[in-house]
Structure formats: C-alpha cells, structure tokens
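Because the structure is predicted, anything quoted here is derived from the model rather than measured. One-based numbering along the sequence shown.
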Amino acid sequence: ARITIADIAQKAGVSTGAVSYALNNRPGVSEDTRARILKVATDMGWAPSSAARSLSGAKTETIGLVLARDPSMLGVESFYMQFLAGIESELSKRGYALLLQVVPDLESEVRTYRQWRAARRVDGVIMVDPRVEDPRIELLRAPDALPAVVVGDASLAGGLTNVWTDDAAAMRESVRYLHMMGHRRI
C-alpha cells in the first residue's frame, strides 16, 4: 500500500499538517521536528505522488515531446534515437522524466499539447520540426501555454526559445577542410 502523510504523521507523532510542511520544505515546523519527520518518511520508504503534486499545482517534473511521424520510422531515423537519448540523459540528471507521445499527424500533435496543458501532465514541451505558419507556434505562444523549446531554425520558432544546429556553417567548414587537403571533386 502507498505510504501517506497520515501514516508518517502517526509514526512521527505529529499532525498531517506538520508532515506536509516538513515534506514540502515550508515554514511552520521547527528544524528538529522537520528532521524527525523526514527521517520517518525516509525510513518508511515514502515517495511523493506525482498525481497528488499535479493536483496541488506543483510541478510534474516531466517534459513532453510529441513526434508526429510513423512509429516504425523511429528505429530507421538514427537522429531521433540519439536525440531522445540526449534529452533523457540531461533530464534524468535533474530528476525529470521524458513523456514521449508518437502521433500520426500535426493535428494530433496540437490536440496532445492541449490535453497535456489541461491536465497539467507536463511542466513544458520540446517541439520539433517547426514549419512556416505552424499552428503549434501560436498554441505555444498563448498566455496560458506550456513552456516550450523549439528545436529548429529561429526564423520558424515565432519568438519561442529555440535551439538548432547550423548545418550550413558545418558544411562550409567541411568543404573548406577537404579543399585544404587537396580534394577538388567533392
């Protein structure tokens, strides 16, 4: 059975309110009481409920990524496997999880963002494959939108935070290097 704050309160001999203050690192209990409650919680194997935290407005510690593509192509596109591994690696260092949703089309992707926002399912999203006149950009720029990072050209990101690789500069440098090495047919 899931360990609740009531279980911790009973074992520590304090109120459930005191347990809540201690577990959420809020004022309202002495440092000795906080330490005792945290020790009891640890000894009992308590872990916060992500569902309960979401209901209270707390962070989910989850970042969402929606990929609008054929799921069978993910194994073929090595970029996405490396991309997902990199995201997961960085998120896990910070105690965050990645929620990946593969959908068939752009309309389904927009619908997924709306559902996640309404349910407070994720703390933010990573959006890939931006397009000209992209409906996702307007959705993610709305005042109540999920925080977003766009992976793609800044000119398509609509002012949202974005990251991208400068493929043109990489190609220029590659060709310059090959030319320097004596190659003339590339």
If you count heavy atoms of other groups shown closer than 6.0 angstrom to [atom1] of [X], is the number above 12?
| X | atom1 | result |
| --- | --- | --- |
| M171 | CE | no |
| R184 | CZ | yes |
| Q115 | CD | yes |
| E90 | CD | yes |

- Item | Side-chain touch E107/R111, heavy atoms, less than 4.5 angstrom |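 The answer is yes, as the side chains (C-beta and beyond) meet within the 4.5 Å cut-off.
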- Query: Going by heavy atoms in the side chains, are I8 and L23 under 4.5 Å from each other?
  - Reply: yes
Is there a path from [X] to [Y] through hydrophobic residues (I, L, V, M, F, W, Y) whose side chains come within less than 4.5 Å of each other?
| X | Y | value |
| --- | --- | --- |
| V110 | V125 | yes |
| V122 | I137 | yes |
| L160 | M127 | yes |
| V150 | L65 | no |

Side-chain donor/acceptor of [X] to backbone N/O of [Y], under 3.5 Å:
| X | Y | result |
| --- | --- | --- |
| T33 | V29 | no |
| D123 | T60 | yes |
| S20 | T16 | no |
| T112 | S108 | yes |
| D134 | R136 | yes |

Identify the heavy atoms of [X] and [Y] that sit nearest to each other, and give their distance.
| X | Y | value |
| --- | --- | --- |
| W164 | D153 | CB-N, 4.1 Å |
| T62 | R121 | CB-O, 4.2 Å |
| A68 | E109 | CB-OE1, 3.5 Å |
| L91 | L98 | CD1-CB, 3.9 Å |
| R34 | Y21 | NH1-O, 3.2 Å |
| W46 | I3 | CD1-O, 3.3 Å |

- Message: If you apply the rule side-chain hydrogen bond (donor to acceptor under 3.5 Å, both in side chains), what do you find for D32 with S30, and how did you get there?
- Response: CA-CA 5 Å; D32 289 343; S30 70; 5.4 Å; no
For the atom pair [atom1] ([X]) and [atom2] ([Y]), what is the distance rounded to the nearest 0.5 Å?
| X | Y | atom1 | atom2 | result |
| --- | --- | --- | --- | --- |
| R131 | L156 | CZ | CG | 11.0 Å |
| E138 | E133 | CD | CD | 10.0 Å |
| E88 | Y96 | CD | OH | 14.0 Å |
| I87 | Q82 | CD1 | CD | 12.0 Å |

- Item | SB check D7 K11 (cutoff 4.0 Å) | no
- With the threshold set at 4.0 Å, does a side-chain nitrogen-carboxylate oxygen contact exist between D129 and R69?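 R69 and D129: salt-bridged.
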- Which other residues end up in the same hydrophobic cluster as L106, if Ile, Leu, Val, Met, Phe, Trp and Tyr are linked when side-chain heavy atoms come under 4.5 Å apart? none
- Can you name the one residue among I126, V149, L146 that meets side-chain contact (heavy atoms from CB on, under 4.5 Å) with I63? I126
- Message: Just by distance, no angles: are the side chains of T165 and D167 close enough, under 3.5 Å, to form a donor-acceptor pair?
- Response: yes
- Task: Would you please say whether a donor-acceptor pair under 3.5 Å links the side chains of Y177 and E173?
- Result: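 No, no side-chain donor-acceptor contact under 3.5 Å.
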- Parallel, tilted or perpendicular for F83 and Y80, by the 30°/60° rule? perpendicular
- Task: Apply side chain to side chain contact (heavy atoms under 4.5 Å, CB included) to H183 and H179, showing your working.
- Result: CA-CA 5 Å; H183 297 278; H179 184 266; over 6 Å; no
- Set of side-chain hydrogen bond (donor to acceptor under 3.5 Å, both in side chains) partners for S92, sequence neighbours left out: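 So S92 forms no side-chain hydrogen bond (donor to acceptor under 3.5 Å, both in side chains) with any residue.
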- Would you please test N162 and V151 for side chain to side chain contact (heavy atoms under 4.5 Å, CB included) and show each step? CA-CA 6 Å; N162 74 300; V151 178; over 6 Å; no
